[in-house]
Structures are given as structure tokens and as C-alpha cells.
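So that the names make sense, note that chain A is the first sequence line, chain B the second, and so on, each numbered from 1. The shown structure was predicted, so the numbers you read here are calculated from the model rather than taken from an experiment.
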Amino acid sequence: MKRFLVASMLFVVAVAAAGFLSPGAVSAEDIKLVGVITKIDIAGPDATTATATLKDNKTGELVTVVVDDDLTLDKFKDHRIVVDDEIRLKYEVKDGKNVSKYFRKTAGC
Amino acid sequence: MRGREAVLIAAMLLAALILPQGVRAADEEIQKKVDSLSKEVEALKQQVARSKEGKKSISDWLTIGGDYRFRVDSLSGKVPSYLSFADYMAWAMGGMVGSPAITPGATVKNETLYTNRLGLNLTAKVMKDVTFHSRLLMYKEFGSQANDASRGDFFADRIGVFDGTLGHVPSDGKVAVDQVYMTINNILGQPIWFSIGRRPSTGGIPTHFRQNNEKPGVGGVDGLLVDYAYDGLTLGYAPDIEALPGAYAKFCYGRGFQRGFHFDSSGDVKNMDMFGFIAVPYDTDPLTIYLQANHAENIIDFPVIQESTLGSLRPSTNLGDIDQFGVVVMSTLKKVGPGTLNVFASGALDKTHPNDNHPTFNGIPLSNIGLMYTGVKKSTTGNAIYLGARYDLPSKTKIGLEYNHGSKNWISFIPAADDMWTSKLGTRGNVYEVYLIQELPGLPIASYRAKSFLRIGYQYYDFDYTGSNNWVGAPVAISDVAFNPQMLTPMKSAKDLYATLEVKF
């Protein structure tokens, strides 16, 4: 039992460390925020890009990002992600546009 | 004439002088009114904004949903000739004269079992990063406030209703709390969450396919290992790892039995607890990989069941511990022909760690029975596989096929599964299932996920060993039940032809 708990805790620590120290961590150009979606615009079911507007929980500012990854687009199209969902967002500014790099519902059940 | 002209000219001049002043006066009056109205509008806007901020409308913080299901089952099964525990005891008490009576084989049926099930879900955004969720369930047979028609003495998970199955098998028709928990998100500004209460530990992946449910989120469990309404907690973490999209991990704890006041005597029944660790390294539509390890401690012999086919039951002792390991791989492939193909494979192992305790039934110590063994204490290892596919057509027709197999010593914690005979994934043997779902056309109104559908399916159980979904006593090959006394009625095979009409909103 103790070994199981110790192993579990070690695994949690390992995963946590992997998350904090992974190459996917925020780079200098990346901007992170947690916010609630106020608007989603997709141009029909075959659209390859969409824009989502989020209200930053900390500042209250509205941020509009371009979303072009298929996984998130699919979630927009079949309503797995909808307006009023809280999102953990990471984006970078490219050619004056905010381009989403990580768009995921805040975890929790 | 000149005089009248002069008067007219003078009047015109006077009018010319007076009119602009009048117009200007009117303009000023209008401007004043506009300014006044503007101020009022602005004040109203601020008032509305303040009102909105201070007291939100109910739709801003509360989500209401639910489901209703009508179901009909047509059940039949084959019972082999067997030696019952009661006949064995009578023979033993009678001095073991001759041979004990053997119960002849028979076919058992329940041609039409009608049930109603109602679910009501409430989710409240209580405050920033704090949410509350509850799910209420009512599940009853037609024409009864008991579960006599669906209850049998064939399998341990269906002899009566207990805490882990309340609301998931037909019961007394009262509304029960199936889930109630609060969650704190974004702990320390990180993707970490903590949740406590009666858990969403039922209907796990990949069992959601045949139920036509959404894929469980990060609160879900491996459906081959756990389908049990637990009270407990979860601590989870969902890191942003670029190479592992959707990855998360969580630690879970649940209490399966709480003993209450005690005197620390050696015969006390201890609390039964379960610890689980779930790691999902990859979670996308095309590929989901789900790993789970559990440790169940101080397994009780019987749960608390007020009314069962074996009478009123409650734990008499703890039998030992059980470890489990499971993996699920799922994939949803779009545009495979005209539709979408969902496939999954799930596998699991269990290992028991029995102690020297034995249950007591009706005041009789069963000294030759323990945790998955008879006689001598012995650790056992079991395994199970669960394979399936569902093809979703654009016509909203979904066709599914599933197969699962459990080995001789396979044991799981899945009594709340949505099967009438017994939880099919806990079967020691083979189960085949085919089903068809037809969703009704029309746009959803109540929510994005609202739907109505008809489902028809067929299950065939082919049992190799006794004791499916029962951890008390050793499994016995079905061909040997005439020589080994059986507490429950063994079954060789079972069938269930079922149909449902459901709404989810």
C-alpha cells in the first residue's frame, strides 16, 4: 500500500515536472491567459479557421484570437467548446494577429 | 397702398427677426431634452451594469439538464444443474448420508421488464474558480415501488440495491443523489483542480459509446475497472506539454464503506477505501490513451443491502486488498466512408491480496470462503479485454458491436453498469453485444447536446466460471457446479434483447 502511494506521488511529481519544464512551456513570445469565451466566429462547417473572443479573467480586457488547429475547430463545430466556457489560452502575435497555440477548457470536474 | 405695403414689409421683417429666435429657442429646448435624456440613458446603463454585476441572471450561473429513459428488456437464461448451498448444508447437518440434492437445470425468463429512469443535472458557477454539480436519479420498474422484477439471485451485483448502485439499477422509485460535488479550479493559477463529494465515477470510457453519451471529461474513469457510485475526492493536473496534447493526470480517493463507531476490537469491520491514479498522456479525437491503477483496501464481504434476495446484508469482515491496472485506447476517425468510425480496445489486470478472514452469513461462519479463494489463502490474478466499434452515419444512425472477455479470476468494481443481468464487463466468460441507435431528426432546442433517440440492442453472455462480479469465494467452472455448493444460482448463458426511448436535454 505504501509503495503504491509512494509510486503514485512520484508519478504525480514527474508529470507535474514534465508540465512545468517541458519544451511546451511558455516561450518569450507566448502570452497566456485564462478567460471566458464571449464570442466564436466560424465560417461554416468546412471552415479551416475561426476567431474566438475571450474576456481575460485578470484584466477584464477582451482578446480576440485566431484558431486554426483542427482539434479545437472540431470542438467549436460540434459545440464541445461554446460561448461562456472558461478557457486556458496561449497565443502569439503574428503579423498583428493573435494566433492561438493552446486552447483548452480549464480542467476540473 | 404704400402704407399697406410698408406694414406688410414691416411685418415680414419683424417675422424674419422673430422666427430664427423662435427656432433657436426650440432647438435649445430640444437640445436640453436630448441632454437630459442622454443623462438618463447613461444613468440607466450604469444602473443595469451595476445590477448585472451585483445580481446575475440565473442563466449566467446555473445550467439545468437531464434525461429520461423508457426501457424494455426481454431476458432469458440457462441455469445448469447445480448443488445449492442450502442443500449442501442440509446434507451436511443430516450427517452426510447419501448424496446431497441437486437442483435440476432450467431456463429462467423475464419476457417484459419495463423501467423508467429520470436524471436531473444542476451545475452552478458559484464564484470564480468554484463550481458545484449535482445529478439526481430515479430508476424504477413499471408498476412497482420495489425492484422485485429486476432483482435475481444469480449475480452479486444484482441481488439488491446498495450505495454503489443506487440510481443505476432499478430501485424503489425515490429520487436519489447520484452525484454531488464541488470543484476548485485554477489552483495557484495553474491547471490544477481539486474536487470532493459523490463522484462522477460511473459510465466511464469507453462505455459511453453504447449509451450514446458524450465522452466523459477529466472527471471520468476507466469503465472496465470502475463503475461504482463513490464518495471521495480528486486532485488533478493538466499540464501544457506540446508533444502530449490533452494530457492530464489525477489522483482519486473514495470510501466504499464507512464503519462508524467502534471499540478497536480485533473483529471490527474496517473502512473500505479505494485509491486510484489516472494518467492520460494523449487525449485527442484521433487518439486517446488512458491509463489507470487502483488499490482497493479492506474489501468487505457484503455491502449494506436493506433488502436482497439473500435477506438483509451488511459487512461481517474485511477480506483483503485488490490491485487493478487498466489501459484504454480509443480513436474517432472522421470521413471513413460516409460516416465516422469510433473504435476502442481496453485491457485490465487484477491481483488479490487476501487475508485470513472469512465471511459470516446468517450467523454461519463460512470458514472455507475468502477473497476469491476457497480453503487456503491464495493470491489470484485475473484479466479482461473489452473491444468495440461504433459507426455513425450522417442520418444519425449509429451501429455498434462490442465484445468482452474476463478470465477465471477476473474481478472489477463495476456493479453500477447499465446491464440487467449483471455488469457485462465483470463477466467471467464472453459477452457479445450489438446495438443500433437512431436519433430523431430536428434541431436541438434545450441545449447544444439535446437529443432524442431510439436504441435497440442484444446481449449474449456465455459464462465460463461462476461468481461474475463477486469477490467472495473461488470461481468454479460451470461444468463443476454440481459438485461445488453454490450460494447464488449459477448461469451457463444469458440473453437480453432490449430497447430504449430516450431524451437528453
Measuring from B:Y448:OH to A:D78:CG, what's the distance to the nearest 0.5 Å?
-> 12.0 Å
Salt bridge A:D74-B:K334, side-chain N to carboxylate O under 4.0 Å | yes
Supply the atom-to-atom distance B:D240 CG to A:D30 CG, rounded to the nearest 0.5 angstrom.
-> 8.5 Å
What part of B:P216 is in contact with chain A, defined as an atom under 4.5 angstrom from a non-hydrogen atom: side chain, backbone, both or neither?
-> neither
If you take all heavy atoms of A:D84 and B:K125, which pair is closest and at what distance?
-> O-NZ, 3.2 Å
What pair of heavy atoms forms the shortest contact from A:L71 to B:D285, and how long is it?
-> CD2-N, 4.0 Å
Which pair of non-hydrogen atoms, one from B:R449 and one from A:R80, has the smallest distance, and what is that distance?
-> NH2-CA, 3.3 Å
Is chain A contacted by the side chain of B:Y181, its backbone, both, or neither, given a heavy-atom distance below 4.5 Å?
-> side chain
Are more than 12 heavy atoms from other residues, nucleotides or ligands located less than 6.0 Å from atom NZ of A:K55?
-> no
Closest heavy-atom pair and its distance - B:G246, A:R104 = O-NH2, 3.2 Å
Proximity breakdown for B:A247 and chain A, heavy-atom pairs closer than 4.5 Å | backbone
With a 4.5 Å cut-off on heavy-atom pairs, point out which of B:S195, B:G219, B:P191 contacts chain A the most.
-> B:P191
Highest number of heavy-atom pairs under 4.5 Å with chain B among A:K75, A:K105, A:R88 belongs to A:R88
Heavy-atom closest contact (A:Y102 atom, B:P239 atom, distance) = OH-O, 4.2 Å
Specify which of B:S447, B:A243, B:A238 makes the most heavy-atom pairs with chain A at under 4.5 Å.
-> B:A238
Top residue by heavy-atom pair count (under 4.5 Å) with chain A, among B:L235, B:N185, B:N186?
-> B:N186
